[in-house]
Amino acid sequence: MSHQEKTVVLDGRGTEQPREPEQRYDPQSIELRWHERWSQQPELYHAEPATSQSKKYYVLEMLPYPSGALHMGHVRNYSIGDALARFMWMKGYNVLHPMGWDAFGLPAENAALKNKTQPREWTLHNIANMKRQMQRLGFSYDWNTEVTTCLPDYYRWNQWFFLKFYERGLAYRRKSKVNWCPECATVLANEQVVNGCCWRHEETLVEQRDLEQWFLRITEYADELLRDLENLEGWPEKVRTMQRNWIGRSEGAQVEFKLAGSDEKITVFTTRIDTIFGATSIQLAPEHPFVGKLIADDPARLTQLDELIAEQRRARELGELGETEKRGFFTGAYAINPFNHEKIPIWVANYILMGYGTGAIMSVPAHDERDYEFANKYGIEVRIVILPRQTEPAAVAAGAVEPPTLPYTEMESLLINSGEFSGLGNQEAIQKMTRYAEEHGFGRARVTYRLRDWGISRQRYWGTPIPMLYCDGCGIVPVPESELPVLLPEHVDITQQGGSPLGRVPEFVNAKCPKCGGHARRETDTMDTFVDSSWYFYRYTDAKLATAPIDTAVAGYWFPIDQYIGGVEHAILHLIYSRFWTKIMRDMGLVKNSEPVERLFTQGMVIRNGAKMSKSKGNVVSPDEMVARYGADSTRVYALFAAPPDRDLDWQENGVEGVSRFLARVHRLIIKNGKPMASSEWKQVASLPWGTGSARDLQRKIHQTLRRITQDFDGRWHFNTSIAAIMEFVNELYLAAEGKLYEGEKQVGELTDLDGRVMQLGGEDLRQSAYRYLVLMLAPFAPYLSSELWEKLGERSQLLREPWPRFNPELAREEEIELPIQINGKNRSRITVPAGTGDEEVRERALADEKIAALLGSKVPLKVIVVPGKLVNLVVR
RNA sequence: GCGAAAGUGGCGGAAUUGGCAGACGCACCAGACUUAGGAUCUGGCGGGUAAAACCGUGAGGGUUCGAGUCCCUCCUUUCGCACCA
């Protein structure tokens, strides 16, 4: 940085120009000065109260986990949100733009173990650091509404919600399978299971254990969660599809099959009851409770079962479930098909999932690829029961129809070999056969979901304590609302492994039963951190409210969130939980909206050298480093300029350098040429009738650039093209400033001032006006530099609230003139030509073109598009 | 396997409704000013040619006066789902 000491700078024409230190773009000094100033104006980004007459706009970025420092993905996320917030402010909206911390979670415990600190200290320290980074980056957050989920102020409302859910039967306790590491003697989250082993003990296989867990009944809302996806038109289709698949609704029927020679029944779920006459076996999942009973006295088969289960678990843990070869064995037992009373064998098969439907299916090899594969392998009968209507039944007999490739789902299909149902179409058959099953008491229509209830118990310390008590006499007793919050004790020993850390804190565990006054134990599990993030955005609307989680009127004003911005990795869990939570809040009467988020934007990842940034790859770029080297503005503008925000962004440092050069160019341009100008003037100058010369060109550029940015914000969010347009604009302003434009345009417009005097305005005035437009256009993207230059131009207003200028479509349009084309002496049509491109020549060429003349004979061209001096094409409508 | 998105210079990417392909930026080359340049300014920069012509948007077909854009058939990459009965 030795060049900083220079005070003399030479321009391209070799003339020496003394340069004041402030003439050089020094982002550090500019940004630190404004940072200081803004920190003394905490009200700067406050939203107006919910009683405001202004239209509201709630822009939200996903709150970060305070892991220690921001990464580039954060910077990109917040640069998008901040640009939008600033733009909406300038558009005159009442903007809510909050930020908070998703502060509970496992990493804090791990860090505490590693660094011998407390999770609380570690977390709060990280928050302080990341908040500093955000403020240095100049993001326009209203820190007055900051939410930190690990503080009692916040998590007490998690507990409050939990109690309400419990009252409503939406929270319940039951046994469930969990990942259990025998070495750690504790439960692991799915993410902590690596290749089927514990992440801490890489040799130790994780077991599935049954544990009492708290669940939230999200399945109760499965149907609505699915249905309302249709209305979320502001969401990416991709996310909606992912959620649809996650919920996984399927309509069908469940049918009971009697066990031959017994009164016991096996219930299967099928979406294709119409194929039931083609069922040639029953298949059970290996974990199906029935299996044990059927083969209890058969050691050989029990061994087979164990192998099957072990193999399946390995496959699941390796994520290769779909690739495993189908395998199974005959149990020796038979079931009776209630439709045709046929005796069919019961098998165990590894491709049947216990977690879906009933864990048992009727196998119809003729009409299901999986069943077909299995049946082929084990020699089970394949019986065709549905055909396309056109097919001759004789073709079946002749073996000309190959299962299971039949188009049997078509309405056109026809049942055969199906008793009284033969001859029906497939849809009709489903209805009639379901009704038949219901009437005969062995089945009914049923909807099944893939979605499971949400298990929220975590055997962890750093989370919200679940506000429940276990009384020796009364059983499960909720903590009374008046006793909230159940405080998370501090200085808990988390170094010891095994079970919930809170269980080792007697002062916490031992409590009085609020019902009988007797001894009770507290629940020692804490809540999943996804609980925290399921409703935090409501809390922002009144973050300090002490009497309730939210103020219904205030939340009613702000919700739904107009724009939510974050990574696609939260497409399922966080966003489904949030939608679920909102629906409960609505049912509780807390909010009116059924969906929390109107529009969702998922930004692309930040990568470097083609790979996701990670410490192990050594390709991490730290925001602090970027800010120190190039400043916040350059870092932010680059994050928006390098790629459209929905695509992955390859971080290239010399790209940042280029942006920095660009900002320096802007700075130099205005510092050198900008002069004070009355705001009543400059706002009108750009709209004056400038004729057709170079002033008109600059005027057009102003409006075109404005149009580009305005439309990018309103529509497709391609801020890279917005910024490119600003760069073009700056390039043109440089030409203008160097006197290459405006010859002979000294006085081309008139303006009447407040006293009625007529002012003559020239190219210089237009340039001064253009500088101000430039600063306005830059304001959403580079807050520091734009504020600095705004002031340097003598403007006193708060840039954040300066109205976003409207572009004039007329002035933005490329100028065109129309020329008539004569064909056979008659005016047949017109051609449109950009102004000033040799009109006569163009017309002659147009007339000389045989092709056009021929076409005009039969069709009428409405528009001919002309390149200067050269006819290219003809548009015929 | 199923579903979705995307393939354009050395690179990131423009081209919003079919109408001058490669805006803007990076990298690179040349020049100017310089004791100096990793500053600044000017010019160049898809292939091809002395200059044109001509050829160029993953491949091959098609529609159209005209296709990166629309249609068909492939190929590749990325993401999501992956035995959901």
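In this text, all values refer to a predicted model and were calculated from it rather than measured experimentally.
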Report summary line: Closest of A14(B), A23(B), U40(B) to the R647(A) side chain is A14(B)

**Report entry** Lys/Arg N to Asp/Glu carboxylate O, E307(A) vs R327(A), below 4.0 Å
**Finding:** no

Report summary line: By the Watson-Crick or G-U definition, both distances under 3.5 Å, A39(B) is matched with none

**Report entry** Integer angstrom distance from the C1' of A36(B) to that of C54(B)
**Finding:** 47 Å

**Report entry** R661(A) side chain, from C-beta outward: closest of C24(B), A39(B), A15(B)
**Finding:** A39(B)

Query raised in the report: Mind checking whether W651(A) and Y638(A) have side chains closer than 4.5 Å, heavy atoms only?
Result: yes

Report task. Counting heavy atoms from C-beta on, name the nucleotide in A82(B), C83(B), C26(B) closest to the side chain of N654(A). Result -> C26(B)

Query - Sugar-phosphate only, base, or nothing, as touched by D648(A) at under 4.0 Å among non-hydrogen atoms - result: sugar-phosphate

Requested in this report: With C1' as the reference atom in both, quote the distance from C74(B) to C24(B) in angstrom, rounded to an integer.
Outcome: 35 Å

Query raised in the report: Which listed nucleotide (A85(B), G13(B), C41(B)) is nearest to the side chain of R665(A)?
Result: C41(B)

Query raised in the report: On a whole-Å scale, what distance lies between the C1' atoms belonging to U63(B) and C71(B)?
Result: 7 Å

Report task. Tell me what E657(A) touches on the nucleic acid: a base, only sugar-phosphate, or nothing, going by heavy atoms under 4.0 Å. Result -> nothing

Requested in this report: Mind calculating the distance between CE (M354(A)) and C1' (C83(B)) to the nearest angstrom?
Outcome: 16 Å

Query - Atom-pair distance (CG on D274(A); C1' on A85(B)), nearest Å - result: 13 Å

Query raised in the report: Can you tell me how far P of C81(B) sits from CZ of R244(A), to the nearest Å?
Result: 15 Å

Query - Touch class at under 4.0 angstrom, heavy-atom based, for I723(A) against every strand present - result: nothing

Requested in this report: Could you check which nucleotide pairs with U78(B) in any of the strands shown, counting Watson-Crick or G-U wobble with both distances under 3.5 Å?
Outcome: A4(B)

Query - Residue T721(A), side-chain atoms from C-beta onward, closest of G12(B), C24(B), A15(B) - result: A15(B)

**Report entry** Whole-Å P distance, A52(B) and G68(B)
**Finding:** 22 Å

Query raised in the report: Taking NZ, NE, NH1 and NH2 as the nitrogens, is one of them in E237(A) or R244(A) under 4.0 Å from a carboxylate oxygen of the other?
Result: yes

Query raised in the report: Side-chain donor or acceptor of K326(A) under 3.5 Å from a matching atom on the base of C83(B)?
Result: yes

